[in-house]
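These figures come from a predicted structure and were not determined experimentally. In what follows, every heavy atom counts, from backbone to side chain, and hydrogens, waters and symmetry copies are set aside.
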Amino acid sequence: MSEAVAMTGVASTRDVAVVGAGPAGITAALALAEVGADVALIGPALPQTSAASRDTRTAALLSSSVDLLKALRVWPALAPDAAPLETIRIIDASRSLVRAPDIEFKAGELGLEAFGYNIANTILVEALYARAQEILPAVVAYGGQTPLNLAAPLVAAGVPLLGSDLEAIDQAEERVRFAALLDRLGIPQPDGGMAHSVDEALTLAERIGYPVIVRPSFVIGGLAIDFCYSPEDLARQLALATIVDPDRPVRIDRYLEGIEVDIDAVSDGEHVLIPGLLEHVERAGVHSGDSVGVFPPQTVSEGDQDLIVSTMERIVLALGAKGVVNAQFIVRDDGVYLIEVNPRASRTVPFMSKVTGVPMVELAVRIALGATLGELGWDGGLLPPPPFVAVKAPAFSTAKLRGVDPSVGPGMQSTGEVIGIHEDPRVALAKALRGAALVPPQPGVEGALALLSIADRDKGMLPRLAAGLAGAGYRLAATPGTRREFAAAGYDALPVAKLGEAPDASLGEVPILDLIATGDVRLVVNPPTPRSGAVRDAAEIRHAATAEGILCLTAIETAVAAAEALDPSIAVDVASVRPLGEWVPEPGQPRLVATA
């Protein structure tokens, strides 16, 4: 086993493998290096970041074997002051870390001299447990869902886990065990149950009522999680889940509309530090990576926030999780419901760390090495909110990918995110949306067209949407039902025929796809409707919009926020710029929770 060493009073290890080479994985690797550990960063490719140049003690970079030469080319740029690598351990991530070929390469065979290396040692290709003199303990909480799914095979191969153990991971990720734990703790969850076969799933859905949401166990990025509005939809979705059997059941829940709240925490097993709560702008059901998030919450009551915090503390301690933990809640008039818990760094951790100054990954790494929150200078509980509002907005690449539906839902599609900060929540929201290219262009003197085809459930927000667009100078175009709602609110709209229906010449209707192709439309708002046929038909409208380079928004709440971001009265504040250090002046400094 790895040699234990003492660094700054915290138990450490000489060598640690960090599984996952994304931003959180890199941050974890740097935190480990700061306490003297030699770090092996495992991922499908070498991370392209200058952040690693801070670390001159990383002794090994682990990547897919096909990326070996690429890794060696980049290494000097990442750590220019580092000593030449004497041994490079490569783990073949494409083989799930357990079947790497036992092959030895001589330095000369790879032409390493061409990259400035004079390495006499053998380049060793090995799995974590394969014929090595020692087994590296592994950290699996910082690379998303994939490393978490590898926890069981790693433990089976004799690899120790640092942080949350396999029991905590399995109890949170395996839907049957997690639902049973919530029942024992008396924590409300949506009405639903586990299905071990397609027939069970169909019967369960009929009992609880459509729409339902399907949640397989151990999935990444919301993969195979989706809404189902009919038995046909459910059967189709279960086919996408690939396996539904007694060993891999799926959770079928009644879909609850409400306000979704994300929460990230750091636990040492006895205390739970919660930097803050992140409120989704869109109604529940949009993946946290694709949602617009507001910190601190603006519409969730203090009582509901207190309930979320206390529930989070209970579930994290009951799981026995150590390190970073993420959870999602739904807030409704009839109560607060816990949706799921993930014992790993989530997509929201970098955002929350930046805007709160709490180094969540660094703290979690030190906890994994044996420290407590108290020893690190931090207290448990919810930190007081800052004197500003921070907004996270997702950035998408769907406009560049022909044929990809830009609609948001349980599956994540975003490829980045933007932060907006201001004392005024409206300005913070506008800043984030503009930075993420989720605000339509200024309409010009003649007024560009905003085309809207809105589901019945969203029409209550149409007056607010119309006011924002009209106030910015946009002209409105709408399908029949939406046009009637506009008329009732006192707004005129160009008549547009629904997709697949003949235009009514007496009303002056134009075909919807023809209008999109004219070049006059600058914004399309087209949320999917809760009817399976209409959802698929409307995708053609969204595809046509993205093909023309038109901003297409599929959540009514995002559309309203985007329209209000055009408000001329906040334009000056939106254009103002201040460095993050002025908003969060002492990042990383311990702060105690305020007491009543």
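The backbone N or O of V341 lies less than 3.5 Å from no partner atom in the side chain of Q328, so there is not a single donor-acceptor pair. Without hydrogens or angle criteria, Y255 side chain to C228 main chain gives no donor-acceptor distance under 3.5 Å. Listed for the T482 side chain is no donor-acceptor partner under 3.5 Å among the backbone atoms of A478. For the pair K354 (side chain) and I419 (backbone), a donor-acceptor distance under 3.5 Å is absent. Judged purely by atom type and a 3.5 angstrom limit, T356 has no side-chain atom pairing as donor or acceptor with the backbone of P275. A donor-acceptor pair under 3.5 Å is absent between the side-chain atoms of E173 and the main chain of Q171, judged by distance alone. Between the D253 side chain and the I213 main chain, no donor and acceptor come within less than 3.5 Å of each other. Judged purely by atom type and a 3.5 angstrom limit, E279 uses its side chain to pair as donor or acceptor with the backbone of Q298. The backbone N or O of R344 lies less than 3.5 Å from no partner atom in the side chain of N342, so there is not a single donor-acceptor pair.
Salt-bridge check for E257 with R457: passed, with a basic side-chain N closer than 4.0 Å to an acidic carboxylate O. With respect to R464 and E485, no salt bridge is recorded, no charged nitrogen being found less than 4.0 Å from a carboxylate O. One finds no salt bridge joining R347 and D290 here, because no Lys/Arg side-chain nitrogen approaches an Asp/Glu carboxylate oxygen to under 4.0 Å.
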Please table the atom pairs, donor to acceptor, closer than 3.5 Å between any side-chain atom in residues 550-563 and protein atoms at least two apart or in another chain.
from: T554; atom 1: OG1; to: V408; atom 2: N; distance (Å): 3.0
from: T558; atom 1: OG1; to: E282; atom 2: OE2; distance (Å): 2.7

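Side-chain contact, S291 with E260: no donor N or O sits under 3.5 Å from an acceptor N or O. For the 3.5 Å distance criterion, the side chains of Q189 and D191 fail to qualify, holding no donor opposite an acceptor.
Scored by the side-chain contact (heavy atoms from CB on, under 4.5 Å) test, A437 finds no partners at all (sequence neighbours excluded).
The shortest heavy-atom contact between I169 and A151 is CD1-CB, 3.9 Å.
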Between S346 and D262, is the side chain to side chain donor-acceptor pair (under 3.5 Å) condition met? List the steps. CA-CA 10 Å; S346 72; D262 248 273; 4.9 Å; no

Under the salt bridge (charged side-chain N to carboxylate O under 4.0 Å, His left out) rule, what do R578 and E423 come out as? Steps first, then yes or no, please. CA-CA 12 Å; R578 288 171 58 184; E423 294 93 344; 3.6 Å; yes

